[in-house]
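Predicted, not measured: the structure shown is a model, and the values here were computed from it.
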Amino acid sequence: MLRRGCAHVGGGRYADDVTETLSAAQARRVALAAQGFTRRRPTTTVSTRHVHRTMERLGVLQIDSVNVFARSHYLPLFSRLGSYEPALLDRVFLSRTTHYVEYLAHEATFVPVEDWSLWRFRMEAFRGRWERDPDSWLSRNARTVAWVKDELRTRGPLRPAQLREDAPRERGTWWDWDDVKLALEHLWRTGDVAISGRRGFERQYALEEQVIPAEVRERVIPREDAIRELVHRAARSSGVATESDLADYYRLRDRAAIRQAIDELVDNGDLQPVSVRGWERGGRQVPAWLHRDAVLPRRVEAVAILTPFDPVVWFRERALRAFDLDYRIEIYVPAHKRRYGYYSLPVLVGDRIVARVDLKADRASSTLQVQSAWWEPQARTEDAEPIARELALAATWQGLENVSVSGWGDAAEGVAGALHVERGGVARHVHAREVSA
């Protein structure tokens, strides 16, 4: 049986008539604990050890290019570890590294390099689908693909711009610069090419054998074993999850294979069927499973600004079901039709997502601009103070001296008041310790 408090949840096969029942709030706390939000942020300088430990919980770190406040992949570490030197992430993930490599493990994500062969089933699925179709891009552009592979084999890891420098100058039936970029992306998906690092935000491509160690490349993992392992990892990172949650974490599409994996993990004692009150669809209870290592904390005391691509909220169905967060990214919505802002970020206080804020780092004025602030249904009046402290911390993390709050949004007044500024005003030289004083 599930023990309350900060206890591990025991495993074992559970029949449907003896499933454990969790409240919605308990499920949220289990989920947040699995994502590392019950750990205290480091009081010392954040190190590579902290980064690796966080990645063990997340499994993947989604990459995104939008850089209004900070690129998405920098935020999950800030959310969990607090202020850290962004150059640390650059060294660990973007430089050529033996620890992480990029692949489509959700969308484009950083994954442990030792997991490369775990994704071979997905690579082979891309290859098989394209090679069987004579009209696919890969089939129709074999000459371009061969040239790109030869260049990488001869010259080693290259950025696209470097490939372009020595590209054939002919313009005919086969050559086009866009085709070279497409060839690199196709070869990356099939695993013939790997990302060996980035310069700025530009990828550097290399042949698989130039990046991935031989013992990893040669490891053979049958498809069903890979899917079972990924479902197990998704469950561990989720704490408690539905089948759809488990499928989305690593974007697994084969529902029959997922169900088989769940059954085997239940038989092995890795998963325990549970019922979560309020997790319903069409008036019927949605089945859920608890990972054997899941913890039900008495409380969650975290405060965090989340990226839309944080695993806590990246699956919109789960965000709505678990956190009452109905989220839509409005980047592609015309400005006059946006409700919350260009790139609003959910804000976690305790075990509740209480607000969303649209942030912009104005480097010229050294100001973190809170362009809009909105309350969510689970917000409380007292949430403004911790949000203000986190915004001040976010400003200092990004090297910004000021915070401003616009008048847009029903939370703007409360947040501005907690920051001791008028709506539309600017707080000068804000630091977390000043806001909390």
Side-chain angles (χ1 to χ4, degrees), residues 2-9 20-41 54 57-58 75-82 234-242 245 248-249 272 274-280 286 288-291 293-327 344-357 373-391 393-394 411 414-415 418:
L2 175 62
R3 290 179 289 158
R4 271 57 179 174
C6 200
H8 286 277
V9 177
E20 185 68 55
T21 297
L22 299 176
S23 69
Q26 288 173 327
R28 288 198 302 272
R29 298 202 298 273
V30 168
L32 291 168
Q35 283 288 310
F37 283 102
T38 52
R39 287 181 173 267
R40 291 187 179 276
R41 286 172 169 175
T54 301
R57 287 184 172 273
L58 298 180
L75 272 165
L77 297 182
F78 173 68
S79 300
R80 291 157 177 80
L81 301 176
R236 183 180 60 202
S237 294
S238 301
V240 59
T242 67
D245 297 338
D248 182 80
Y249 205 92
Q272 168 188 323
V274 294
S275 175
V276 181
R277 289 193 292 272
W279 286 22
E280 299 175 350
V286 179
W289 290 266
L290 197 69
H291 190 267
D293 295 332
V295 170
L296 173 57
R298 294 181 178 88
R299 64 184 64 84
V300 176
E301 298 178 343
V303 180
I305 297 169
L306 305 176
T307 168
F309 305 119
D310 192 294
V312 172
V313 295
W314 66 13
F315 184 33
R316 308 313 179 204
E317 177 188 313
R318 178 176 172 88
L320 181 59
R321 179 186 348 108
F323 293 96
D324 202 17
L325 176 69
D326 189 2
Y327 189 84
S344 62
L345 308 175
V347 183
L348 176 75
V349 176
D351 66 359
R352 299 165 294 118
I353 292 179
V354 303
R356 61 183 83 187
V357 291
W374 300 87
W375 293 124
E376 288 297 310
Q378 298 197 65
R380 300 169 185 166
T381 304
E382 61 268 24
D383 292 331
E385 292 290 342
I387 292 173
R389 289 194 295 271
E390 195 67 10
L391 288 169
L393 183 64
V415 171

Should the pair R41 and F78 be classed as cation-pi, given the thresholds of under 6.0 Å to the six-membered ring centre and 45° from the axis? yes
Could you go through the side chain to side chain contact (heavy atoms under 4.5 Å, CB included) check for T54 and L77 one step at a time? CA-CA 7 Å; T54 301; L77 297 182; 3.8 Å; yes
To check you understand the geometry: which heavy-atom pair defines the closest contact between [X] and [Y], and what is its length?
X    : Y    : answer
F37  : S79  : CE2-O, 3.6 Å
G239 : A34  : N-CB, 3.5 Å
R29  : R299 : CD-CA, 3.9 Å
A379 : V354 : CB-O, 3.3 Å
V415 : A388 : O-CB, 4.4 Å
L58  : P76  : CD1-CB, 4.2 Å

If you define the side chain from C-beta out and look only at heavy atoms, does anything of [X] sit under 4.5 Å from [Y]?
X    : Y    : answer
S344 : Y327 : yes
L348 : V312 : no
Q378 : R28  : yes
W279 : D245 : yes
W374 : V357 : no
V349 : I387 : yes
L290 : V30  : yes

State whether the side chain of S238 and the backbone N or O of A241 hold a donor-acceptor pair below 3.5 Å, judged by distance alone. no
Under 3.5 Å donor-acceptor, R57 side chain and A33 backbone: yes
[atom1]/[X] to [atom2]/[Y] distance, rounded to the nearest 0.5 angstrom?
X    : Y    : atom1 : atom2 : result
L393 : I305 : CG    : CD1   : 8.0 Å
L345 : T307 : CG    : OG1   : 6.5 Å
F315 : R321 : CZ    : CZ    : 6.5 Å
T21  : R277 : OG1   : CZ    : 6.5 Å
L320 : L325 : CG    : CG    : 8.0 Å
T242 : W289 : OG1   : CH2   : 7.5 Å

Kindly indicate, with the supporting measurements, whether the criterion side chain to side chain contact (heavy atoms under 4.5 Å, CB included) is fulfilled by V347 and I353. CA-CA 6 Å; V347 183; I353 292 179; 6.0 Å; no
Please walk me through it: do Q35 and R80 pass side chain to side chain contact (heavy atoms under 4.5 Å, CB included)? CA-CA 9 Å; Q35 283 288 310; R80 291 157 177 80; 2.8 Å; yes
Before accepting this row, confirm whether a basic side-chain N of the pair R356/D326 lies closer than 4.0 Å to the acidic partner's carboxylate O. no
Salt bridge flag under 4.0 Å for residues R352 and D324: no
